Peer 1: 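Here it is, the structure in full.
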Amino acid sequence: MSQHVRAEIRGPLGIVTLDRPRALNSLDHAMIAALEDLLEEWADAPEVRAVVVRGEGRGLCAGGDVRALRLGPDDDAIAFWADEYRLNALIAAYPKPYVAVMDGVTMGGGLGISAHGSVRIVTERTQAAMPEARIGFTPDVGMASLLAAAPGELGTHLALTSSTVTGADAVHLGWADHLVPSERLGERAETLIEALAARLAEPGVGEESVLAAAHDVVRGLALEASDPRLVAPLAREREWIDEAYAGDDAQTILERLVELAAEGHEGARAAEEAMRSVCPFSVVVTLAALRRAAVMELVDVLAQDLRLGATLIGRHDMREGIRALLVDKDGAPQWRPSRIEDVDPAEVRAAFGED
């Protein structure tokens with residue numbers, strides 16, 4: 001068991017607490033192995049009727065510990081992702097309610113251990129993102145499935161700009177089920193846990209109704225559908241986003257953003273700046289990955305993620321992006337190539353294993 005993963009069984013609940021707050025609960029390899037072991041054990045434990053996953057500190061999880069990957073050989077990174085993606089698949093198919101408390105920072109790999117769950121909770125403090133293109137990588141952990149399934153082109157916008165969204169946005173995008181004000185969750189989600197434990201211990205809650213009962217408990221704490229706090233800021237931007245991000249060509253998308261910005265559209269201007277700042281090769285690969293993911297099953301998307309990871313870790317860009325954004329923090333990565341229009345389509349095809 002990892003020192004950063006705490007586990008307890010409390011009544012009918014298996015409770016996992018990620019306990020690496022100084023690193024925003026970023027997942028290292030030992031944490032991933034510990035999570036997989038726990039979930040497999042509890043899947044067969046009759047006393048555990050549901051699992052709750054929460055994080056200490058300012059969020060659930062900020063993602064995988066990519067700084068550690070930068071220092072090791074490529075094979076270590078590939079092995080890390082293979083285990084992480086197997087965990088994501090386990091969560092998506094988990095036979096018991098998997099309750100993810102996405103309070104605070106929930107990004108990258110943090111979404112991989114939450115957004116594939118069956119009961120997904122966000123709060124007004126949630127900051128959700130798939131910012132991998134900023135470091136020369138691509139949205140992974142199966143999130144291309146959810147990005148592709150988001151309304152209109154909202155997922156494309158988020159993936160190509162590495163933008164961060166709110167809890168209300170996460171519900172709108174299909175990444176979460178309920179927005180619960182943090183004060184109703186209680187400290188470290190203890191109010192929620194007590195309510196879930198009491199309800200799922202009731203003799204009238206059978207195996208066929210345990211998931212519905214878990215949702216009922218959370219719904220009793222969540223905002224009602226008519227509450228204005230549930231209005232997603234991102235939804236207001238959909239018209240221009242759908243116009244700008246249609247199609248399969250990243251350069252054309254960038255040109256549309258330039259045109260909208262010239263017309264005075266501040267959202268498009270910010271998107272253009274963001275898209276120019278992230279890794280050009282990642283932008284083109286990510287767009288292709290999203291379009292493919294739209295017609296793929298999750299298990300196939302995870303396999304695609306692993307193939308892309310094996311390619312990207314061997315390129316200059318990923319280690320350079322981690323250096324510039326997370327290690328030296330100079331914010332000046334030197335991408336190769338430095339412009340979207342210079343990305344070689346043959347290299348993109350090769351990243352997907354095509355000639």
Side-chain angles (χ1 to χ4, degrees), residues 4-6 15-27 31 51-65 91 98-132 134 139 141 143 146-147 150 154-155 157-158 161-196 214-215 217-237 270 326:
H4 300 306
V5 176
R6 302 201 317 269
I15 303 170
V16 178
T17 306
L18 302 184
D19 189 12
R20 198 185 178 195
R22 292 183 63 183
L24 289 175
N25 299 320
S26 294
L27 298 170
M31 293 170 72
V51 172
V52 177
V53 179
R54 63 184 177 179
E56 288 286 4
R58 296 190 293 116
L60 173 62
C61 172
D65 189 354
I91 291 167
Y98 181 97
V99 183
V101 183
M102 303 157 69
D103 185 24
V105 176
T106 307
M107 299 181 178
L111 284 166
I113 62 166
S114 57
H116 297 305
S118 52
V119 184
R120 306 162 301 174
I121 301 165
V122 289
T123 74
E124 79 284 353
R125 300 187 298 209
T126 297
Q127 301 173 56
M130 291 301 295
E132 287 76 11
R134 293 181 62 211
V141 297
M143 281 299 294
L146 292 177
L147 287 161
L154 296 182
H157 165 66
L158 296 177
T161 61
S162 293
S163 299
T164 300
V165 299
T166 68
D169 288 325
V171 174
H172 182 70
L173 290 163
W175 299 0
D177 303 300
H178 307 281
L179 198 163
V180 178
S182 56
E183 69 270 13
R184 297 185 194 174
L185 281 179
E187 186 70 22
R188 299 170 60 250
E190 282 294 326
T191 300
L192 167 70
I193 288 170
E194 290 174 8
L196 280 170
H215 274 293
V217 169
V218 181
R219 200 174 289 114
L221 299 171
L223 297 179
E224 296 182 356
S226 60
D227 194 300
R229 288 174 289 178
L230 261 178
V231 175
L234 195 60
R236 304 188 186 104
E237 308 296 316
L326 301 176

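Predicted model only: the values in this text are computed from it and were never measured.
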Peer 1: Which residues pass the salt bridge (charged side-chain N to carboxylate O under 4.0 Å, His left out) test with Glu190, not counting sequence neighbours?
Peer 2: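 Testing Glu190 for salt bridge (charged side-chain N to carboxylate O under 4.0 Å, His left out), a comparison that skips the adjacent residues, returns Arg10, Arg54, Arg188.
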
Peer 1: For the residue pair His215 and His178, establish whether any side-chain heavy-atom pair is separated by less than 4.5 Å.
Peer 2: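 In contact.
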
Peer 1: Report the distance from atom CG of Leu234 to atom OG1 of Thr164, rounding to the nearest 0.5 Å.
Peer 2: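 It is 11.5 Å, given to the nearest 0.5 Å.
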
Peer 1: Could you tell me the separation between the CZ atom of Arg236 and the CG atom of Asp169, rounded to the nearest 0.5 Å?
Peer 2: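 Spacing of CZ (Arg236) from CG (Asp169) equals 9.0 Å.
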
Peer 1: Are the side chains of Arg229 and Pro181 in contact, using a 4.5 Å heavy-atom criterion?
Peer 2: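 Side-chain contact under 4.5 Å: yes.
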
Peer 1: Checking Asp103 side chain against Arg125 main chain: does a donor-acceptor pair fall under 3.5 Å?
Peer 2: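 Here the side-chain-to-backbone pair does not exist.
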
Peer 1: Please round to the nearest 0.5 Å and tell me the distance separating atom OG1 of Thr123 and atom CG of Leu221.
Peer 2: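 If we round to the nearest 0.5 Å, Thr123:OG1 and Leu221:CG are 12.5 Å apart.
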
Peer 1: State, yes or no, whether a side-chain contact exists between Asp65 and Arg20 at a heavy-atom distance under 4.5 Å.
Peer 2: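 Yes; the side chains approach each other to less than 4.5 Å.
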
Peer 1: Measure the shortest side-chain to side-chain distance between Val101 and Val180 over non-hydrogen atoms and say whether it is less than 4.5 angstrom.
Peer 2: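 Side-chain contact under 4.5 Å: no.
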
Peer 1: Can you confirm whether Tyr98 sits close enough to His116 that some side-chain heavy atom of one is under 4.5 Å from a side-chain heavy atom of the other?
Peer 2: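 They are not in side-chain contact.
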
Peer 1: Begin with the C-alpha distance, continue with both residues' side-chain angles, and end with the deciding distance and a verdict on side-chain contact (heavy atoms from CB on, under 4.5 Å) for Val16 and Val52.
Peer 2: CA-CA 6 Å; Val16 178; Val52 177; over 6 Å; no

Peer 1: For residues Gly110 and Leu60, report the shortest heavy-atom separation together with the two atoms involved.
Peer 2: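 Answer, listing the atom of Gly110 first, then Leu60: O-CD2, 4.0 Å.
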
Peer 1: Rounded to the nearest 0.5 Å, what separation is found between the SG atom of Cys61 and the NE2 atom of His4?
Peer 2: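 It comes to 12.0 Å.
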
Peer 1: Taking all atoms of both residues into account, what is the closest heavy-atom pair of Ile113 and Ala100, and its distance?
Peer 2: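 Shortest heavy-atom separation between Ile113 and Ala100 comes out as O-CB, 4.4 Å.
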
Peer 1: State whether the number of non-hydrogen atoms from other residues, nucleotides or ligands found under 6.0 Å of Arg58 atom CZ is greater than 12.
Peer 2: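 Incorrect, the count does not exceed 12.
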
Peer 1: Between Pro21 and Glu56, what is the shortest heavy-atom contact and its length?
Peer 2: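 Residues Pro21 and Glu56, closest heavy atoms: CB-O, 4.0 Å.
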
Peer 1: Does any non-hydrogen side-chain atom of Val165 lie less than 4.5 Å from one of His172?
Peer 2: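 A side-chain contact under 4.5 Å is absent here.
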
Peer 1: Mind listing the closest non-hydrogen atom pair of Leu111 and Ala129 along with its distance?
Peer 2: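 So the two residues come closest at CD1-O, 3.4 Å.
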
Peer 1: Rounded to the nearest 0.5 Å, what's the gap from CD1 on Ile121 to OG on Ser182? Could you check?
Peer 2: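 Atom-to-atom, Ile121:CD1 and Ser182:OG are 12.5 Å apart.
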
Peer 1: Give the minimum heavy-atom separation between Ser114 and Arg120, together with the two atoms involved.
Peer 2: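 Minimum heavy-atom separation between Ser114 and Arg120: O-CG, 3.3 Å.
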
Peer 1: So which heavy atom on Ala232 is nearest to which on Ala168, and how close?
Peer 2: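 It is CB-O, 3.7 Å.
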
Peer 1: State which residues pass side chain to side chain donor-acceptor pair (under 3.5 Å) with Thr161; sequence neighbours excluded, sorted by chain then number.
Peer 2: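 For Thr161, the residues satisfying side chain to side chain donor-acceptor pair (under 3.5 Å) (neighbours in sequence not counted) are Ser163.
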
Peer 1: Under a 4.5 Å cut-off applied to non-hydrogen side-chain atoms, are Thr166 and Thr126 in contact?
Peer 2: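 When only atoms from C-beta onward are counted, Thr126 and Thr166 do not touch, as no gap falls below 4.5 Å.
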
Peer 1: Is there side-chain contact between Leu173 and Leu158, with heavy atoms separated by less than 4.5 Å?
Peer 2: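 Touching, per the 4.5 Å side-chain cut-off.
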
